[in-house]
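One structure below.
Each chain gets a letter, A, B and so on, in the order its sequence line appears, and its residues count up from 1.
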Protein chains: 2
Amino acid sequence: MRPHANTLDAQVVLEQPASRAASLGLRELAALLKIDLDGVNVDPGMTFTLRRVQQGAALYHAGDQFGPIYAIRSGTFKCVLLDANGSYQVLGFPMASEVLGLDGIEEQHYRTEAVALEDSEVAIIPFPRLAHLGGRAGGLQQFVYRLLSRQLAREHMQMWLLGSLGAESRVAAFLLLLGERYAHLGYSDTRYHLRMTRLDLGSFLGLTQETVSRALSRFHETRVIQVHNKELKILDAERLHQIVANARHSG
Amino acid sequence: MRPHANTLDAQVVLEQPASRAASLGLRELAALLKIDLDGVNVDPGMTFTLRRVQQGAALYHAGDQFGPIYAIRSGTFKCVLLDANGSYQVLGFPMASEVLGLDGIEEQHYRTEAVALEDSEVAIIPFPRLAHLGGRAGGLQQFVYRLLSRQLAREHMQMWLLGSLGAESRVAAFLLLLGERYAHLGYSDTRYHLRMTRLDLGSFLGLTQETVSRALSRFHETRVIQVHNKELKILDAERLHQIVANARHSG
DNA sequence: CGCCTCGTTGAGTTCAATCAAAACGGGTGG
DNA sequence: CCACCCGTTTTGATTGAACTCAACGAGGCG
């Protein structure tokens, strides 16, 4: 109908015998994801169930118990991070050959919501089962999975920060997050050393060094923080949280 | 000297007998990374070498052959994405208990540069060796590693886009990237369907729907693209690339 | 047909970048 | 110890880009 088709047509599967219609072999999955399995001994009998998702439906919701991850066979999704107060940040538009649900590994529940933008089809990859395979090295493998997942979650927060906060809110959020990280290491969360220059901080926050400096000065004047060079002390964490909540385009 | 110390002091290691000074056991590493290994059978003899990095030195450079990943034992780093034309984007400031180098797995070379912001210490995790463990399930494991790594690389690009491009550049970059993704799936890279609303696109790009719409209209007027609702055609990809190069604060 | 969401366009305003210059701080060498 | 230099930080004035508010047009669906 349209002059150009943009979906991997579901017919491909539908027209196959019914017995094969609802699953995918490991090699097919690897081909779909463009991952090379040469030299690896794989169980040829391993199959992955397919699942249809119609337009507007969510594959999983934020906060759902972590289960499988999903390889997209056809269609398009949007991945959305939902803020507490109802605002939302789109993190990406995964399409065929990409994977959904990876960010849930560490916390054991999905952190985002995946909504189909058109009728789509995904292969279900039972991640938990996968992770328990691999005998002696199994522990190490999970190790790394979690590290990677953690990193993903961190970057999602960063995208949220860059995508939906104004300049002062970004600086405020950064100060609070850095405090949390120091607290996690056993240090004070209200008094610490900024180890980076204003320029680096600006680059990280998507701001110029002047804007960063001005934000810090303003916070200092209003007694929210106390800052001298790289030495920083948070005086009113509550106010910082309020400033973060005053996002720019977030209602 | 300072009223509050913010570094995990290197003395902790230095003061131990020399034979133990330069390495870390698996359980210690897990503790450092705050990862639970309970119930997992681990090789207690497995150790990880420590490495010092002094302030200003790079642990690895962008483009280096991928080797180990690094767990930070003490200190602070900055992770920098270097653009072709010299501009740079800071992706994060990893500290103790976090991990460096994960984004290199998929492409087999590090995509970022990790510079120490203070004298620091890292544990070397020989990732390639790790990935080859795990017999029958080894293939699947690598499978997932790559997926995660890919995702990380994608989000780094997104952070670069949000952090250092102006509104029109963001839209232009998005259109080109989407074209590449469609090309990767075997479709036209110059003519495709936008499956998301302007609102979602705006959220993703850190812009309002109006700004997105205006950018598209402008591109349409100047014959760079042709757009009607969600139907899109790129007429002058070269010009789009130029627009992306005209970043806002980029060097 | 009427409703509703989505998209476009315009006018006015705000916020952060830019340009410019001065103050500061740490390090070096006289 | 002081003078100097460098990179960093701060502050000010101005500009411009993107947001906001508001209205209208177009398409989809019951």
Side-chain angles (χ1 to χ4, degrees), chain A residues 1-2 54-56 78 87 90 115 117-119 161-174 193-222 225-232 243 246-251, chain B residues 1-2 55-56 78 87 89-90 115 117-118 161-172 174 193-222 225-232 243 246-251:
Chain A
M1 190 114 287
R2 293 211 180 81
Q54 60 182 334
Q55 186 173 52
K78 67 171 172 182
S87 71
V90 175
V115 178
L117 295 179
E118 62 182 313
D119 289 358
L161 187 153
L162 289 170
S164 61
L165 296 188
E168 289 199 352
S169 300
R170 290 186 201 184
V171 177
F174 177 79
H193 220 93
L194 294 169
R195 297 237 119 84
M196 67 296 295
T197 67
R198 303 282 193 271
L199 191 67
D200 283 337
L201 191 43
S203 171
F204 181 63
L205 297 176
L207 302 170
T208 59
Q209 55 179 349
E210 294 98 321
T211 301
V212 173
S213 178
R214 268 186 256 272
L216 291 175
S217 296
R218 175 92 66 102
F219 293 162
H220 186 96
E221 285 170 15
T222 55
I225 66 170
Q226 195 174 311
V227 59
H228 178 62
N229 278 339
K230 299 201 158 79
E231 214 64 45
L232 190 133
I243 291 168
N246 287 12
R248 197 177 37 184
H249 41 298
S250 74
Chain B
M1 189 115 286
R2 294 209 177 83
Q55 185 173 53
K78 67 172 173 182
S87 71
Q89 168 73 31
V90 174
V115 178
L117 295 179
E118 62 182 312
L161 186 153
L162 288 171
S164 61
L165 296 188
E168 289 199 352
S169 300
R170 289 187 202 182
V171 177
F174 176 79
H193 220 92
L194 293 170
R195 296 236 120 84
M196 67 295 296
T197 67
R198 302 285 192 269
L199 191 67
D200 283 338
L201 191 43
S203 170
F204 180 62
L205 297 176
L207 302 169
T208 58
Q209 56 179 348
E210 294 98 323
T211 301
V212 173
S213 177
R214 268 186 256 271
L216 290 175
S217 295
R218 175 92 68 99
F219 293 162
H220 186 95
E221 287 171 14
T222 55
I225 66 171
Q226 196 175 312
V227 60
H228 179 62
N229 281 339
K230 296 201 162 78
E231 214 64 46
L232 189 133
I243 291 167
N246 288 9
R248 195 177 38 184
H249 41 298
S250 73

Review point. Does the side chain of E231(B) pick up a donor-acceptor pair with the side chain of H193(B) at under 3.5 Å?
Key: yes
E231(B) atom CD is separated from dC6(C) atom P, nearest whole Å, by 18 Å
Rounding to 0.5 Å, atoms CG (L194(B)) and CG (L117(A)) come to a distance of 11.0 Å
Pairwise N/O distances under 3.5 Å, protein to nucleotides 7-17 of chain C:
unit_1, atom_1, unit_2, atom_2, d
dG7(C), OP1, K230(B), NZ, 3.3
dG7(C), OP2, R198(B), N, 2.9
dT8(C), OP1, R198(B), NH2, 3.1
dT8(C), OP2, R198(B), NE, 2.7
dT8(C), OP2, R198(B), NH2, 3.3
dT8(C), OP2, S213(B), OG, 3.0
dT8(C), O5', S213(B), OG, 3.2
dT9(C), OP2, S217(B), OG, 2.5
dG10(C), N7, R214(B), NH1, 2.9
dG10(C), O6, R214(B), NH2, 3.3
dA16(C), OP1, A167(A), N, 2.7
dA17(C), OP2, T208(A), OG1, 3.2
dA17(C), OP2, T211(A), OG1, 2.1

| said: Determine whether M196(B) and V90(A) satisfy the following criterion, side-chain contact (heavy atoms from CB on, under 4.5 Å), listing intermediate values before the conclusion. | reply: CA-CA 11 Å; M196(B) 67 295 296; V90(A) 175; over 6 Å; no
Output for pair (L165(A) CG, E168(A) CD), nearest 0.5 Å, gives 12.0 Å
Heavy-atom closest pair (R170(A) atom, L161(A) atom, distance to 0.1 Å) is CG-CD2, 3.6 Å
R218(A) atom CZ is separated from dT9(D) atom C1', nearest whole Å, by 18 Å
